[in-house]
Protein chains: 2
Amino acid sequence: MRILLIEDDSVLGQAVRDEIAGLGHSVDWVTRLGQAGDAMRVAVYDLVLLDLMLPDGRGIAFLKALRGRGEVTPVIILTALDQVSDRIEGLNAGADDYIVKPFDLAELSARINSVARRYVGNPNPIITLGPLDIDLAARAITDAGRSVTLTAREWVLLEAFLQRPGQLLSKAQLEDRLYSFDQSVESNAIEAHVSRLRKKLGAWVIETERGLGYRLGRP
Amino acid sequence: MRILLIEDDSVLGQAVRDEIAGLGHSVDWVTRLGQAGDAMRVAVYDLVLLDLMLPDGRGIAFLKALRGRGEVTPVIILTALDQVSDRIEGLNAGADDYIVKPFDLAELSARINSVARRYVGNPNPIITLGPLDIDLAARAITDAGRSVTLTAREWVLLEAFLQRPGQLLSKAQLEDRLYSFDQSVESNAIEAHVSRLRKKLGAWVIETERGLGYRLGRP
DNA sequence: AGGGGGCCGTCAGCCTGGTGTCAGCTTGGC
DNA sequence: GCCAAGCTGACACCAGGCTGACGGCCCCCT
C-alpha cells in the first residue's frame, strides 16, 4: 500500500515511517498540512495517517475538507488528545480509526492491517503506449480495446523496457533479468522472446540496434 | 441496523441498549456467548458488540471462531482490558474496532455510526457474473437460481478476485490473504482451493496464467 | 464420551502450455 | 555481393498446474 504520513514530530515520524516500511508499504512523510494537500494532489494514497496537532492548522478541519471533496481514502488519526470529545469529533469528521499517543508500534501495524483488510484499492496506474494500455500491477494489456495476454518471461522483458524508456538494453542485460546466474542460455532465447512480444504487441514496440541491443520503440 | 449486544453486566447492557435504540437501531441483547451463537444462527446482524469477559468463555476465541467460519459481520469489542496486547489480539482476531470501558455513550454512538457508514452505505450489492449472483455481504451465491455454498477459504479467495476484477493475483498475494504471516503453507493449497472453487462455480470463473497467477474469468 | 461429517492441507500422478533450441530465412553494413 | 547479425516458424521437453484421494482436525450432534 502507498501511505501518507502527516506528522511533525521528527522522532515519532521516523519511527512510524520505519515501522510501516517494515510492513512492506511505501511511505511518504510530510510535516505540514499544506504539504499533505500538495502530496494528495499529485499522488493517490491508500491510507493517510494524520496527526491532529500540527503547526499550520487543525487536522480535523483538514479531514473535514477532504471528506467534503468526496475523498474516500481511509484516514487513521494519530493524536495525543485522549479526550473523548476529540475522538468523537474525529470519527464524525470521517476518520476510519484513531490511535492515541503514545502508542505501541505493534498496535499501529494491527490497525493498518485492519484498514488494509477492508480497503478496496484505488485503480492501478496505466501506462499508455500508442494503442496499448498497460497495467503492470494487474498484469493486463489492451491493444485498442482488445485484451492481450503475455507470458511470464514476456512480462519481465516488457517491464525491463518500460522501467527505462528510451534506454538501450543489451542482450546481456536482458539475460540477467530473465535468468538467475546459475542457469545458462546458449541460444537466441532473447531474440525469440522479443519476436513473440512484437507479434503480440506490434512490431514497433521494440527496436533493434544491430550489434548493441534493443530499446523501447515509439508508437 | 440490526445489532447484537453481548454483555453480561446488566447496568451497562441496559444503558448501551437504550443508547442504540435511541439511534434508531434494533438491538438483541444476550448475556452469554452460547446465546450469542444461537442468535447469530437464526438472525443476520449488521453489527456485533462483544464484551470480552463473559461467564462462559473468552470473547476472543468466540470472535476467532466467527471469522474462521467466514462470518464478516463487523464486530466492535467492548472491554475493560486496556492493555495493548489485548487490543492487538482483538484486532488481529478480526475485530473492526474496540472501545475500552468505561466509555462514553456518545463515543459508542460515533463508533456505531462509523461502522454504519462503512457497511450500510451500499446495502447488499449483488454482483452478477454470468449465471452467478453473488451477495458478498450476505455470503450467498445462486447459480442460475440454484443456491451454492462456499467454505470460509473459498469466500476469501472469491472476494480477492471480485475486489479487483481483471487484476492478476499471484499465488503469493492469495496466500497473504488466506494465511496470516506467521503460518506457512508448503504445498499446493491455493491450487487445491482454486480447483474446488471452479468445481462449485464453473471452470470459467478463474483463469490460470502459467507462472504468474490467477485472474477472474469472463462468463 | 463417542461418532460422524465437513473443511482443509498434503501428496501423487497426470496433463499442458511456455520456453529453449534449432534451422532456414531475411536484413543491413561495408 | 558477401557475411554477420537478427528474425521466426516449428518442435520437443519439462516445470508448473490440476485434481482425485486421503487423513488430520475441529465442531456439532447425539
Side-chain angles (χ1 to χ4, degrees), chain A residues 139 148-158 168-172 174-180 182-215 217, chain B residues 33-38 40-42 56-57 61-71 139 148-158 168-175 177-180 182-215 217:
Chain A
R139 293 261 128 119
V148 180
T149 64
L150 300 187
T151 67
R153 294 246 132 99
E154 287 161 3
W155 275 111
V156 174
L157 260 193
L158 182 60
L168 184 107
L169 295 173
S170 71
K171 283 186 195 173
L174 295 172
E175 268 176 29
D176 287 347
R177 290 195 68 129
L178 277 177
Y179 311 101
S180 51
D182 52 335
Q183 25 182 196
S184 61
V185 235
E186 52 225 29
S187 74
N188 59 351
I190 299 288
E191 294 171 18
H193 280 299
V194 168
S195 171
R196 289 169 188 144
L197 248 189
R198 283 176 174 155
K199 192 184 265 185
K200 286 187 179 179
L201 301 181
W204 55 268
V205 287
I206 298 174
E207 291 172 355
T208 305
E209 218 121 315
R210 224 180 148 78
L212 298 172
Y214 300 94
R215 82 171 73 232
Chain B
L33 291 178
Q35 297 168 5
D38 295 343
M40 296 191 70
R41 226 164 284 128
V42 297
D56 65 338
F62 177 80
L63 175 55
K64 279 186 180 161
L66 272 191
R67 296 294 185 233
R69 282 207 300 278
E71 189 70 62
R139 298 245 145 158
V148 180
T149 63
L150 299 186
T151 68
R153 294 243 134 93
E154 288 162 1
W155 273 114
V156 174
L157 261 191
L158 183 60
L168 184 124
L169 297 173
S170 71
K171 284 186 193 172
Q173 285 175 294
L174 295 172
E175 269 176 28
R177 286 205 154 225
L178 280 177
Y179 312 100
S180 54
D182 52 336
Q183 31 182 189
S184 63
V185 228
E186 52 224 31
S187 75
N188 58 352
I190 300 287
E191 294 170 21
H193 282 298
V194 167
S195 175
R196 288 167 188 146
L197 247 189
R198 283 175 174 154
K199 195 180 265 186
K200 286 188 181 178
L201 301 181
W204 55 267
V205 287
I206 298 175
E207 292 172 354
T208 305
E209 243 150 277
R210 275 202 169 224
L212 293 171
Y214 298 96
R215 192 193 298 277

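A quick note: this is a predicted structure, and the numbers were derived from the prediction, not measured. In what follows, every chain begins at residue 1, and chains take the letters A, B, ... in the order their sequences are listed.
- In this entry the distance linking CG of Leu169(B) with C1' of dG17(D) reads 17 Å, nearest Å.
- For Arg153(B), taking side-chain heavy atoms from C-beta onward, the closest of the listed nucleotides dG6(D), dC8(C), dC18(D) is dC8(C).
- When the C1' atom of dT19(C) is taken as reference, atom CG of Leu178(A) falls 11 Å away, rounded to whole Å.
- For the pair Thr151(B) and dC8(C), the criterion of a side-chain N or O lying under 4.0 Å from OP1 or OP2 is met.
- What separates CD of Glu191(A) from P of dG24(C) is a distance of 17 Å, to the nearest Å.
- Positionally, the nearest nucleotide of DNA chain D for Arg210(A) lies more toward the 5' end than for the other of Arg210(A) and Lys199(A).
- In this structure, Glu209(A) CD and Leu169(A) CG are separated by 11.0 Å, a value rounded to the nearest 0.5 Å.
- With hydrogens and angles left out, the side-chain atoms of Thr149(A) and Arg215(B) include no donor and acceptor closer than 3.5 Å.
- Scanning atom types as modelled, no donor and acceptor separated by under 3.5 angstrom connect the side chain of Arg196(B) and the base of dG6(C).
- Here the P atom of nucleotide dG6(D) and the NE2 atom of His193(A) are 17 Å apart, to the nearest Å.
- Between Ser187(A) and Ser187(B), the one whose closest nucleotide on DNA chain C sits nearer the 5' end is Ser187(B).
- Using a 4.0 Å heavy-atom distance criterion, Ala192(B) is classed as a base contact.
- Distance CG/Leu178(A) to CD1/Ile190(A): 4.5 Å, rounded to 0.5 Å.
- Counting only heavy atoms from C-beta on, Asn188(B) has its side chain closest to dT19(D) among dC22(C), dT19(D), dG6(D).
- Between Thr208(B) and dC18(D) there is a side-chain N or O to OP1 or OP2 distance below 4.0 Å.
- Atom pair Tyr214(B):OH and dG17(C):C1' shows a separation of 14 Å (rounding to whole Å applied).
- In this structure, the OH atom of Tyr179(A) is 8 Å from the C1' atom of dT19(C), given to the nearest Å.
- OP1 or OP2 of dG17(D) lies within a sub-4.0 Å distance of a side-chain N or O belonging to Lys171(B).
- Between Glu209(A) atom CD and dT27(C) atom P there is a gap of 19 Å when expressed in whole angstrom units.
- Rounded to an integer number of Å, the gap from CG of Leu212(A) to P of dG29(C) is 11 Å.
- At dG9(D), none of the side-chain N or O atoms of Ser195(A) fall inside 4.0 Å of OP1 or OP2 (strictly under the cut-off).
- From Arg198(A), atom CZ reaches atom CD of Glu207(A) across 9.0 Å, with rounding to the nearest 0.5 Å.
- Out of dT10(C), dT19(C), dG20(C), the shortest distance to the side chain of Ala189(A) is found at dG20(C).
- Side-chain contact between Arg210(B) and Thr151(A) is absent, with no heavy-atom pair separated by less than 4.5 Å.
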